[in-house]
Amino acid sequence: MSGWTFFYLLVFPGLLFTAVLGLLVGWVDRKVSARVQFRVGPPLFQNFNDFFKLLGKETIIVKSSLHSLFVLSPLVAFGVTTLIAAMLGVVLFYGFGFGGDLLVMMYLLMIYSVMVILGGSATGNVYSSLGAGREIKLLLADELAFILVCLVPIIKAGYLIKLEEILSAQVAQGAFIGSFSGALAFIVGLLCIQAKMTLPPFHIPEAETEIVEGPLMEYSGPLLGFWKLNQAMQWVVFPFLLIILFLGGFNSVGWGILWSALKYLGIVVIMILIKNTNPRIRIDTALKFFWKYLTPVALLAVILAVLGV
Amino acid sequence: MGWYKRRLSKSLWVFHVSGSPCNNCDIEILDLLTPRYDVERFGIKLVGSVRHADVLLVTGIFNKKIAPRIKRIYEQAPKPIFVVAVGTCTSSGCCFKDSYNIVPSREAVIPIDMYIPGCPPKPEAMIAAVAKLIGVLNG
Ligand code: SF4
């Protein structure tokens, strides 16, 4: 491990950059939601204030919880998110692989969900375990469609599985979203990501009004702060993944910078608008939606990609 | 500490505790959180779990049945925590002051940092009170 590895992990595409960008995009989320509801919305550094405030509060380790798991799961989730952010960011900004390919990425994304499940069930609270159970079902629902979606760019890049190879294939033959199967997979992928980030209409595990934030219910102080930071960092991780897989990555010369920023903000704003215009659905409806409608569409996209459409 | 207090004052998360009110104050608190008053401008957010709270909005007269539970909720909240009492009930007893089953002193149950009088207080009055709390935190 050289010094650069630490730089990639901790500063530029990794921890610092992703955390700051994620908290800022979290502000964009709250501001756009506020404008949709004809409100003014919070000030620019609201999410930073929230995070630093949580760092200074008392941490309560719940007596009925499994203490080690309760403390470790937000931290492990934080580490995993940082690692994903660094891997994606290095491919996007420097154009070379940091080790690991798309399969590793899918595993790491799954570890995050598993950490939410473990953290929720470790608290010993009924509502938290309900939320954890729903997280499992949601994972079951969206995972199949998500894997199929990830297959499409692999096939289109000529059965290459490394992220940087997928990216360079798109530089050679144009962004995959330009083809029919690519566009189809992109739409399904957007909805899967909405579910993976547990944003409305898929915020079933966290349902504030029903099971009081589910897995996060018993967390307080810095541990809650880390969960919130993870959620903010996901605002960076998932759009970046979509950009690598379908939109042909970033371009860092001249007008390309503006175009790259537009790609990112476009995905974010679409997600915020979906979030604001849909009420929460039940878990069985979500399961039906993913298995009955989205998975066949994703399968169709895979078949079309094999046929080369 | 000044820096931390300023961060805290800009992000007060509110938990709503109902200690046997007539329910009007609670409805008025819900009014406060509607888009019309938009308290998110000040970073104020309603949270569903007391573990996330910075401010407890307490309403009502605290009868003998609810008082131990309010105490328990206060103890479950992560410190530092502020208690804002909403309504004349909590400050002076209002129309229930001669009732047979109320606790004699509400301050003996939990320490109260701030009172908002009114039966029920207007949302504007609550915003003014929270702004005062922010002012106190900022020193
Ligand atoms: S202060 Fe008035 S409105 Fe509020 S709970 Fe008491 S009686 Fe009801």
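Quick note on labels: first sequence line is chain A, next is B, and so on, each numbered from 1.
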> Counting heavy atoms not belonging to A/Y127, are there more than 12 under 6.0 Å from its OH?
Replying inline: no
> Is a salt bridge present between A/K57 and B/D54, judged by a nitrogen-to-oxygen distance below 4.0 Å?
Replying inline: yes
> Is a side-chain N or O of B/D38 found less than 3.5 angstrom from the main chain of A/V40, in a donor-acceptor match?
Replying inline: yes
> Which residues in residues 62-78 of chain B have a heavy atom less than 4.5 Å from any heavy atom of chain A?
Replying inline: B/Q76, B/A77, B/P78
>> Assess the residue pair B/R36 and A/F38 against the criterion (side-chain contact (heavy atoms from CB on, under 4.5 Å)); give the C-alpha distance rounded to whole Å, side-chain angles, the decisive distance to 0.1 Å, and a yes or no.
In response: CA-CA 8 Å; B/R36 184 184 168 97; A/F38 301 105; over 6 Å; no
> Is the number of heavy atoms from other residues, nucleotides or ligands under 6.0 Å of B/K79 NZ greater than 12?
Replying inline: yes
>> Nearest 0.5 Å, please: how far is CZ in B/R51 from CD1 in A/I60?
In response: 4.5 Å
> Does any heavy atom of chain B fall under 4.5 Å from the side chain of A/F45, the backbone, both, or neither of them?
Replying inline: neither
>> Keeping B/K10 on the side-chain end and A/N49 on the backbone end, is there a donor-acceptor pair under 3.5 Å?
In response: no
> To the nearest 0.5 Å, what is the distance between CD (B/E40) and CZ (A/R30)?
Replying inline: 4.5 Å
> For the residue pair B/S49 and A/M217, what are the closest heavy atoms and their distance?
Replying inline: OG-O, 2.8 Å
> If every non-hydrogen atom of B/W13 is compared with every non-hydrogen atom of A/K53, which pair is closest and at what distance?
Replying inline: CD2-NZ, 3.4 Å
> Can you name the residues of residues 272-284 of chain A that have some heavy atom under 4.5 Å away from a heavy atom in chain B?
Replying inline: none
>> What's the separation between atom CG in A/L54 and atom OG in B/S11, rounded to the nearest 0.5 Å?
In response: 6.5 Å
> At what distance, to the nearest 0.5 angstrom, does CD of A/E218 lie from NE2 of B/H52?
Replying inline: 8.0 Å
> With a 4.5 angstrom heavy-atom cut-off, which part of A/K31 approaches chain B: side chain, backbone, both or neither?
Replying inline: neither
